[in-house]
Trainee: 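Sharing a structure here in structure tokens format.
Just so you know, these numbers come straight off a predicted model, no measurement behind them. Basis for what follows: all heavy atoms, side chains included, without hydrogens, waters or symmetry-related copies.
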Amino acid sequence: MTQLASGSMDHSVMVWNFKPSLRAFRFVGHKVRGGGQMWVEQEEARTLMVGVDVVSTGSRHGRRLLSVRCASGELFSRQHRAAVDAQRRDVTVFKAHTSAVRAVQFSHDGNALLTASDDKTIKLWSTYRTKFQQTLSGHLNWVRTAKFSPDSKMIVSGSDDQSVKLWDLGSKSCVKTYWDHTGMITCVAFHPGGTVVASASTDRSIKVFDIRTHRLIQHYGDAHGSSQTGSAGGAGVQSIAFGGPGGEWLISTGWDGVVKIWDVKEGHLFYTLHGHKNGPTTAAAFSPQGDFFATGGSDAQVMVWKSNFDTVSQMVEEEERIREDE
């Protein structure tokens, strides 16, 4: 793991280098409508990507997509006014939707980019010259989250209409809609194996589906509760991410301000982390090898954790054996 990218409500994207000799870079480009007023007061770390070469960001008010290209070991930071460079083309800005862009992701093969928006659509773009490819329509409300499958042939999306949709890019159609949640869908994720998807919701639950049989195979009913700070807010799960060598772990963040680690193989909560303060935890991501994970919160902090879950599991088992012997 060499780099970590984070996006925040302070209107910037930060790319952090883990090599001591390389400094962090700040990309500024998204504008805030209405004289610079933010739509929430706290500067939350909303999006995290670990080990990236290309960063893409979506704008709530500008309705544009900012794609920042980062060369490994040689990063270029530019202000929005100087974004279009005829030679380097480090930053590309284009109008993607008619309303706020909620989610962006590059396909795993690097050939496509998806964008999801409050205009109820998901759009696909070719990374070559940012050429529009197709629109996926079917959600009845804002599309808050969308992710590519590991083979880049499918997309899973979640909406404020409380549905999770599975899209086949070959047929350009929705092949399955899951109506199992009773709240808005805040985050979706594909398992690295490609046969399982997970969804998180404001109904406080995390659900895991087998997309081959379209069955619900795991359900964590009260994964995250309401805000513990006493301030006005909501309840439920904010983000989820699979990780580990075989995708055996699932990280979740939520309004209760904690980070939770779920054992997907055993189907239960494994560990709860309390590092963030003063508000919800908002984002989580594993490094490509799964040996690290990063979390962000409304405390404006990004934390990087060592994924030594197997060691922790051995310690817990040893403690249980000691208690049994006593």
Side-chain angles (χ1 to χ4, degrees), residues 56 58 96-97 101-126 132-203 205-221 223 236-243 246-248 250-252 262 264 267 284-286:
S56 58
H97 291 270
V101 180
R102 293 280 179 172
V104 290
Q105 188 198 18
F106 286 99
S107 61
H108 296 277
D109 58 16
N111 294 326
L113 171 73
L114 71 77
T115 61
S117 170
D118 286 359
D119 64 11
K120 307 176 187 179
T121 68
I122 302 157
K123 293 187 178 183
L124 288 174
W125 312 80
S126 169
F132 172 74
Q133 292 183 325
Q134 60 179 289
T135 298
L136 303 176
S137 302
H139 280 294
L140 305 176
N141 208 327
W142 296 355
V143 184
R144 195 172 291 268
T145 175
K147 297 287 176 60
F148 277 107
S149 62
D151 61 6
S152 303
K153 294 181 179 180
M154 304 188 80
I155 288 175
V156 61
S157 62
S159 168
D160 284 10
D161 64 10
Q162 303 182 5
S163 74
V164 175
K165 287 184 178 290
L166 189 65
W167 308 85
D168 176 52
L169 298 184
S171 62
K172 301 180 181 179
S173 63
C174 176
V175 295
K176 179 64 179 178
T177 301
Y178 303 96
W179 293 99
D180 296 68
H181 285 285
T182 59
M184 298 181 296
I185 311 302
T186 55
C187 190
V188 292
F190 257 101
H191 186 274
T195 60
V196 169
V197 296
S199 58
S201 171
T202 56
D203 65 10
S205 73
I206 300 171
K207 297 180 186 292
V208 182
F209 301 92
D210 187 324
I211 65 173
R212 296 165 297 184
T213 62
H214 299 304
R215 289 187 176 183
L216 177 67
I217 56 176
Q218 288 185 9
H219 168 71
Y220 306 112
V237 189
Q238 291 272 63
S239 69
I240 51 175
F242 283 106
E248 61 268 34
L250 181 73
I251 302 178
S252 66
W262 305 86
V264 179
F286 271 99

Trainee: For Ser149 and Lys153, indicate whether the former's side chain and the latter's backbone hold a donor-acceptor pair under 3.5 Å.
Mentor: yes
Trainee: With a 4.5 Å heavy-atom cut-off, do Ile185 and Arg144 have their side chains touching?
Mentor: no
Trainee: If we ignore hydrogens and angles and just use 3.5 Å, is the side chain of Ser107 paired with the main-chain N or O of Asn111 as donor and acceptor?
Mentor: yes
Trainee: Can you find a pair of side-chain heavy atoms, one from Asn141 and one from Met184, that are under 4.5 Å apart?
Mentor: no
Trainee: May I ask you to check whether Lys207 and His219 show a side-chain donor-acceptor distance below 3.5 Å?
Mentor: yes
Trainee: As a test of understanding, state which of Ile211, Asp210, Val208, Val188 forms a side chain to side chain contact (heavy atoms under 4.5 Å, CB included) with Val197.
Mentor: Ile211
Trainee: Leu124 versus Phe148: any side-chain heavy-atom pair under 4.5 Å?
Mentor: yes
Trainee: Any sub-3.5 Å donor-acceptor pair from Asp203's side-chain atoms to Thr182's backbone N or O?
Mentor: yes
Trainee: Using side-chain heavy atoms (C-beta onward) and a distance below 4.5 Å, is Leu169 in contact with Leu136?
Mentor: yes
Trainee: Got a donor-acceptor contact below 3.5 angstrom from the Thr186 side chain to the Thr202 backbone?
Mentor: no
Trainee: Does either side chain, that of Thr135 or that of Lys123, offer a donor lying less than 3.5 Å from an acceptor on the other one?
Mentor: no
Trainee: Using 30° and 60° as the class limits, which term best fits the ring planes of His191 and Phe242: parallel, tilted or perpendicular?
Mentor: perpendicular
